[in-house]
Amino acid sequence: MIDIKDVTMVFEKSKDEKENFVALDHISIEIPEGCIYGFLGSNGAGKSTLMRLMCGVYPCSSGSIQIDGIDVYDSPEAKGKIFFVNDETIQYANYTLKDLKNYYASYYPEFSEEVFERLTSKLDLPMNKRMSQFSKGMKRQAVVIAALSCKTKYIMLDEAFDGLDPAMRKIIKTMIVDELMDRGATMIVSSHNVAEINELCDRAMLIHQGHLIFADEIDEIKSGFCKIQLALKDIPMTKEMAEQSGLEVMQFSRLGSVAQMIVRGSAENSLPRLRGLSPVLLEAVPLTLEEIFIYELEVRGYGAEILREDK
Amino acid sequence: MAQKYLEKINKASTAEYRNRRKIRLMILIITVAAALFEVSDFGMKSYKENGAIVFAPRFTGFFGLFLMFVAAGFGAFAVYGVFSDLTNKQTADVQLSLPMSAKDRYYSKLLAVAKLHLIPIVCASVFVTIIGCVRGSAELGDTFLYLFKIHSIILAEALFVDSVCIFCMCCCGAKAEGVYTSMISGCCVSVTPMLLYHFVIEHFSGVTLGGDVSDRIFTTFGAMVALCFPDESMFSASESWIYLLINIVLSCLLIFASFFIYRKRDGRQVGRPMVYDLFMELFMFVGLFTLFTMFSYIRSWGIGLTVALIIYLVIRIVAARAKITPKNFMIWVFKFGASFAIFLVIMAAGYFTGGFGHYKLRNDKIKYDTSRAEISVTQYSYGDEYETNGRTFRQSAHIKENLDMDGEWSDPYYEDDPRNYISRAEAEERLHKINALVDKYYTLENRSASDFMDMMFRLDRYSYYDDPEREDYVSVHISVTDENELRYNSSYNKSNNFQVTFDIPNEKYEDFLKDAQEILPEVDDGYYRDYDYYY
């Protein structure tokens with residue numbers, strides 16, 4: 001298990017900045033073994049910073065990150081259990097696949113040449129060609145193959161699928177899932193593509209401007225929100241009326257006499273509270289993770305200015 | 001356990017080594033070419049001269065050796081590549097997340113640099129030494145020692161390059177900064193101590209010791225180790241080993257110090273041009289100090305200060321990266337001014353303390369078989385017109401007890417003249433009297449701020465003491481040496497020269513002449529001084 005406890009990360013100000021930058025503010029998450037965990041967040045929310053903290057690239061300003069009970073920073077033992085694939089592949093430009101294999105085999109004692117060769121031949125990647133001559137998708141495949149071959153208990157992929165075409169995304173995802181499921185490893189993946197996280201992960205967390213908004217199983221997250229459509233007989237429905245009924249309304253809109261609102265809480269809990277208003281129409285519509293992402297960030301003012309201008 | 005640990009370090013270093021293909025190839029090509037040129041270029045011979053075996057290395061060309069020094073310099077590229085985790089975010093992400101502690105990573109990187117750079121040089125050196133020993137028609141021990149020393153010097157150069165580059169890379173978060181700071185620091189470390197000694201100590205004390213160890217000591221600083229190159233005129237055979245060893249130890253200490261800086265680094269500092277402000281300020285100060293000292297030599301302060309300011313500002317602007325505000329700019333100019341002020345304070349301290357006490361240094365022994373002593377006094381006065389009045393006292397002689405007539409008389413005319421012989425006791429007594437004369441008349445009381453400014457900005461040491469623009473004064477130059485016109489000692493390390501130049505007040509002129517006459521006979525060769533006569 002990866003235990004992230006009350007982690008704060010502060011980047012000291014540079015000479016042209018007035019204040020220190022708080023990238024993460026008191027974040028606490030537990031990532032259990034054997035799951036696929038999605039990191040969601042706006043640009044600059046702190047996802048990559050958190051991943052770098054989790055693999056020991058940065059030390060925490062405060063709090064702690066432990067992998068199976070061992071503090072990860074500067075610990076070979078803890079870092080030996082995790083593999084970090086960052087969002088760039090430029091550092092491998094001069095490597096051939098053979099170099100890549102030798103490189104990681106030198107560091108990870110569990111490195112499996114069998115896995116490496118099986119996956120490279122499966123994806124038909126050339127062993128002796130420089131990676132600078134590879135396409136973006138091939139580079140990603142190569143690094144993911146290296147990551148899987150290291151046979152670490154945890155693999156972190158930072159925006160690893162971004163910029164790939166849908167077919168390539170599917171190939172890489174299938175390859176990862178197949179390989180990881182076989183040995184019960186844990187994958188942590190960050191992406192802007194919420195639909196992808198929804199489809200791939202069983203758990204997720206949302207982070208915004210360094211603050212954790214939620215972290216839970218995806219089904220639980222989804223059940224924590226619902227979209228309700230409602231119409232009253234004589235008077236138009238207002239946001240205040242819904243709030244007076246004890247609902248936490250995240251978004252409210254009205255088209256004619258039909259009001260639509262996103263509320264925090266499950267449909268089972270929310271609908272009975274509105275029945276007191278004797279609506280002529282009352283129904284709950286399931287919410288996608290993407291909608292939750294957008295509404296949560298909207299509530300916090302993310303992109304509000306731009307959206308207002310568009311309206 | 002230890003074996004497993006070493007195996008881990010070795011594996012990691014091999015991974016680094018393998019992935020530096022280009023630099024590995026470059027260094028290998030240069031070292032192989034250097035070794036081949038070296039073995040084809042020179043030969044060793046022993047021959048008998050006056051009954052003694054003389055060892056004579058013969059270099060018909062220095063190209064091989066030059067290439068070896070180039071290979072030593074190429075260590076910079078090896079270090080920049082291997083330590084790229086300190087300057088490249090992507091590499092840092094990969095390397096810092098690998099299952100290694102900072103300590104292990106540093107060791108593995110050192111080993112990778114050794115494999116890329118030092119081991120090829122060592123292998124080439126061993127090859128050249130073996131071939132040299134086989135081919136050279138000289139005593140085996142002589143040949144071996146000679147070649148071993150040359151290649152130890154090259155190794156020391158390589159180690160120095162590596163250590164400075166590692167240190168600077170550890171203090172910088174951007175590659176450009178790592179490159180230019182290491183190049184400038186390498187030059188400063190090598191040159192500044194020598195410049196400082198000659199300017200602040202020798203220049204301001206007026207005392208020069210020809211046969212002392214000062215120049216040799218500077219071989220311990222960085223690239224100056226090249227001066228240890230087998231040269232009998234500067235070092236005795238065993239002496240240069242000590243300096244060479246100190247140089248190597250200093251480079252190792254720098255690598256050791258870099259370890260603590262490396263260990264403190266993490267991913268946050270990657271990309272920040274200068275990680276430590278203290279390093280930046282020290283680097284800029286040392287760089288400026290070296291430039292100022294150089295301009296002190298060449299006396300072109302107008303151009304010098306402008307060039308220094310431009311270089312300083314360019315580095316500041318490059319290193320700042322961020323927006324440059326008028327406030328920043330003013331702070332930089334202020335720091336430049338402060339550096340110059342500190343430089344002047346150190347120089348003034350050197351001037352008013354007679355080169356930090358160096359003016360008290362005397363030669364108290366006649367070491368060899370000749371002795372020459374000279375006192376020359378020049379009075380400069382302004383009457384109706386500018387006037388100089390020079391008097392010289394001199395004696396050259398052989399030390400009777402040590403006389404060795406191996407046919408080295410430079411002029412047989414002197415050979416039979418009894419005036420050219422002096423006993424050791426007489427020579428030493430004369431030397432002590434000269435020392436007492438210097439002690440009596442050389443004081444720092446009459447040093448003034450205006451004279452300091454003259455010495456700093458207008459004149460060099462020699463022209464200062466012969467400066468027609470100064471008001472009435474008397475300039476004294478005294479030299480004692482064991483080389484003279486009767487016979488030359490060609491070896492630098494066998495000379496025992498002492499020279500001192502200072503001023504005395506006009507009112508002491510007559511007293512001084514009286515004292516000088518009691519020590520040496522006056523000669524009538526007009527105004528003549530033997531500055532640097534022997535160099």
Side-chain angles (χ1 to χ4, degrees), chain A residues 9-12 14-17 21 23 48-49 51-61 72-96 98-111 130 143 146-147 150 152 156 158, chain B residues 4-5 7-23 81 84-85 88-106 108 112 173 263-275 277 280 316 319-325 327-328 331:
Chain A
M9 180 65 193
V10 180
F11 288 97
E12 281 174 25
S14 60
K15 278 175 185 162
D16 56 331
E17 288 167 343
F21 173 64
S48 300
T49 302
M51 284 195 159
R52 288 190 173 98
L53 285 164
M54 287 164 67
C55 63
V57 175
Y58 300 151
C60 304
S61 300
V72 72
Y73 185 69
D74 212 27
S75 161
E77 195 185 344
K79 290 202 278 187
K81 296 181 180 194
I82 196 160
F83 192 103
F84 177 48
V85 179
N86 72 359
D87 51 352
E88 290 275 357
T89 49
I90 187 86
Q91 64 273 27
Y92 304 110
N94 290 325
Y95 290 32
T96 61
K98 205 174 154 193
D99 294 336
L100 194 70
K101 181 183 80 176
N102 291 333
Y103 185 75
Y104 283 112
S106 306
Y107 290 101
Y108 291 90
E110 300 288 310
F111 187 90
R130 289 269 175 95
V143 181
C150 288
T152 52
M156 281 198 295
D158 188 11
Chain B
K4 208 174 171 187
Y5 180 74
E7 198 184 325
K8 179 181 162 185
I9 301 291
N10 185 39
K11 271 188 175 180
S13 71
T14 307
E16 273 291 338
Y17 167 79
R18 276 205 201 112
N19 290 315
R20 308 283 158 210
R21 198 177 287 118
K22 282 181 191 166
I23 183 67
S84 59
D85 61 317
N88 182 297
K89 274 187 186 297
Q90 281 74 40
T91 313
D93 275 352
V94 171
Q95 298 203 358
L96 271 64
S97 63
L98 291 170
M100 294 193 97
S101 64
K103 186 178 83 176
D104 303 346
R105 213 165 44 242
Y106 187 75
S108 70
R263 214 170 53 164
K264 273 188 167 269
R265 293 277 307 261
D266 59 64
R268 286 173 302 176
Q269 293 101 15
V270 178
R272 199 187 291 172
M274 294 282 181
V275 175
D277 287 345
M280 175 67 173
R316 284 281 184 190
R321 302 285 204 277
K323 202 171 77 179
I324 297 155
T325 61
K327 189 184 156 197
N328 283 345
I331 290 171

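Chain letters run A, B, ... following the sequence lines, proteins first and then strands; every chain starts at 1. Everything quoted here is computed from the prediction, not taken from an experiment.
Heavy-atom distances place no part of B:N88 under 4.5 Å from chain A, backbone and side chain included. In this structure, the portion of A:Y95 lying under 4.5 Å from any heavy atom of chain B is its side chain and not its backbone. Contact annotation for A:M156: neither backbone nor side-chain heavy atoms come within less than 4.5 Å of a heavy atom of chain B. Heavy-atom distances place both the backbone and the side chain of B:T91 under 4.5 Å from chain A.
A pairwise comparison of heavy atoms in A:Y73 and B:R265 identifies OH-O, 3.9 Å as the closest pair. Closest non-hydrogen pair, A:Y108 versus B:S97, comes out as OH-O, 3.9 Å. Minimum interatomic distance between A:P76 and B:D104 (heavy atoms only, all atoms of both residues): CG-OD2, 4.1 Å. Taking both residues in full, the closest heavy atoms of B:A15 and A:Y103 are given as CB-CD1, 3.8 Å, listed atom of the first, atom of the second, then distance. Among all heavy-atom pairs drawn from A:D74 and B:A102, the shortest one is OD1-N, 2.7 Å.
Chain B forms more heavy-atom pairs under 4.5 Å with one residue of A:Y107, A:Y104, A:F83 than with any other, namely A:Y107. Here B:V94 is the residue among B:T14, B:N10, B:V270, B:V94 with the most heavy-atom pairs under 4.5 Å with chain A.
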Item to complete: List the steps and the verdict of side chain to side chain contact (heavy atoms under 4.5 Å, CB included) for A:M9 and B:R268.
Response: CA-CA 10 Å; A:M9 180 65 193; B:R268 286 173 302 176; 3.2 Å; yes

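When each of B:R18, B:R20, B:R21 is checked for a salt bridge (charged side-chain N to carboxylate O under 4.0 Å, His left out) with A:D99, only B:R21 meets the rule.
Atom NZ of residue B:K11 and atom CG of residue A:N102 lie 11.0 Å apart, to the nearest 0.5 angstrom. Separation of atoms CD (A:E12) and CD (B:Q269) is listed at 8.5 Å; rounding is to 0.5 Å.
Under the 3.5 Å distance criterion, the side-chain polar atoms of B:D93 are left unmatched by any main-chain donor or acceptor of A:R52. With hydrogens and angles ignored, the 3.5 Å screen pairs a side-chain donor or acceptor of A:K79 with a backbone N or O of B:L96.
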